[in-house]
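When a ligand or atom number is given, it counts from 1 through the structure's own listing order.
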Amino acid sequence: MNACTGRRAALAGALDRAARLVPRAEAKLLLVHAAGIGHARLAAHPELELASDALERYEDWIARRAGGEPIAYLLGWREFYGRRFRVADAVLIPRPETELLVDCALAVVRALARSSRIADLGTGSGAIAVSLALEQPEAQVWASDASGAALDIARENAQALGARVRFRQGAWFAAFDPGSRFDLVVSNPPYVAEGDPHLANGDLRREPRAALVAGPDGLSEIRRIVRDAPAFLARSGQLLVEHGYDQAEQVREALRAAGFEAVRSWRDLAGIERVSGGSRGV
Ligand SMILES: C[S@@+](CC[C@H](N)C(=O)[O-])C[C@H]1O[C@@H](n2cnc3c(N)ncnc32)[C@H](O)[C@@H]1O
């Protein structure tokens, strides 16, 4: 049966059936979005009927979720830094821990007390670059990615949210003119080691491999960015990179080896060192 038959179902019945296939909390979340209602309405009126098109959408989502598709890809969006970003399977789903990188970046540019030039390398959905451009409107923000499909989504997000970001396609700094100098470079690059068992779990199974994996120890892309950053940083310019929960020490070492000063790491809300960075010096 399909939408044309006018098939309908009570919210409670649809939820109970879906909860046999996926965790109940996920079934509920998808139901409120398929029905276009809030959680409170679902709780207060489980007897309400789901229209046939919403029921069809809901059953499709539940089947795909049961097959491992991330909820963010089903809904088509994920919230980041208080805003809704469109996502699709060409981009990494923005993570809450990446908000720390935005916090650190804002602290750096606000301390500069002048208009700054910022580059976000490997922008994916544009979550970092767009958030920085909107939180710090006087900054000039560039963003790059190797993936044209990711850049299309990032551009869409910038336009939908009203952020002025200049997008460039290319591998890390190669996306920019060699004469470019930035006051701040931020990046959440791929940092999972090849063969890491986490790649077989959860959303990671469906996210682009090029957004996740970085060589045998997960550090190959971070090392490249750290190595090339000094040539693209203005005097006292800073580099901030997000990394894995157990990579902070190695990232600090790479930064010091590349000549960075005032090298340090920042902890996320779980107390884990998640962002490391340093200054190019004068
Ligand atoms: C971990 S994702 C981060 C996405 C986004 N910045 C975020 O935080 O949600 C890494 C991004 O780096 C991009 N990427 C991977 N290798 C790259 C390379 N060599 N040059 C430029 N971008 C690259 C991927 O396409 C992906 O969008």
Quiz prompt | Side-chain ion pair, R252 and E249, N-O less than 4.0 Å | solution =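 Salt bridge: yes.
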Report the part of [X] in contact with ligand 1, treating N, CA, C, O as backbone and CB onward as side chain, heavy atoms under 4.0 Å; options are side chain, backbone, both, neither.
X: S187; result: neither
X: A146; result: both
X: L121; result: neither
X: A127; result: neither

Practice problem: Mark yes when over 12 heavy atoms from residues, nucleotides or ligands other than Q159 sit less than 6.0 Å from its CD; otherwise mark no. | Solution: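 Count not over threshold, so no.
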Practice problem: Could you tell me whether R41 atom CZ has more than 12 heavy atoms of other residues or ligands within 6.0 Å of it? | Solution: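 No, not enclosed.
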For [atom], the protein heavy atom that lies nearest, with its residue and separation:
atom: atom 20 (N) of ligand 1; answer: W172 N, 3.0 Å
atom: atom 11 (C) of ligand 1; answer: G122 O, 3.4 Å
atom: atom 1 (C) of ligand 1; answer: A211 O, 2.9 Å
atom: atom 10 (C) of ligand 1; answer: N188 O, 3.4 Å

Backbone of [Y] reached by a side-chain donor or acceptor of [X] within 3.5 Å:
X: S115; Y: E138; result: yes
X: S125; Y: V91; result: no
X: E207; Y: L92; result: no
X: R95; Y: I93; result: yes

So if I count the atoms of ligand 1 from 1 in the order they appear, which ones are less than 4.0 Å from some heavy atom of [X]?
X: T98; value: 8 (O)
X: G170; value: 20 (N), 21 (C)
X: I128; value: 6 (N), 8 (O)
X: P189; value: 1 (C)
X: A171; value: 20 (N), 21 (C)
X: A210; value: 15 (C), 16 (N), 24 (C)

Exercise. Give the minimum heavy-atom separation between S144 and A175, together with the two atoms involved.
Key: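 For S144 and A175, the tightest heavy-atom pair comes out as CB-CB, 3.6 Å.
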Self-check item: Minimum-distance pair of heavy atoms, taken over all atoms of R86 and N157
Solution: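 For R86 and N157, the tightest heavy-atom pair comes out as N-OD1, 2.7 Å.
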Practice problem: Report yes if D120 has an N/O atom closer than 3.5 Å to an N/O atom of ligand 1; otherwise report no. | Solution: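 No, D120 has no N/O under 3.5 Å of an N/O on ligand 1.
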Quiz item: Should S147 be counted as touching ligand 1, given the test is an N or O pair under 3.5 Å?
Solution: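 No; every N/O pair is 3.5 Å or more apart.
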Quiz item: Heavy-atom distance to atom 26 (C) of ligand 1: which of T123, D145, V91 wins?
Solution: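 Ranked by closest heavy atom to atom 26 (C) of ligand 1, first place is D145.
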Self-check item: Whether P190 lies under 4.0 Å from ligand 1, heavy atom
Solution: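 A heavy atom of P190 does come that close to ligand 1.
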Exercise. Using salt bridge (Lys or Arg N to Asp or Glu O under 4.0 Å) as the criterion, list what pairs up with R83, not counting sequence neighbours.
Key: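 For R83, the residues satisfying salt bridge (Lys or Arg N to Asp or Glu O under 4.0 Å) (neighbours in sequence not counted) are E135.
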Quiz item: Pick one: which of F173, W142, F232 meets ring-ring contact (aromatic ring centres under 6.0 Å, His included) with F182?
Solution: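 Option passing the ring-ring contact (aromatic ring centres under 6.0 Å, His included) with F182: W142.
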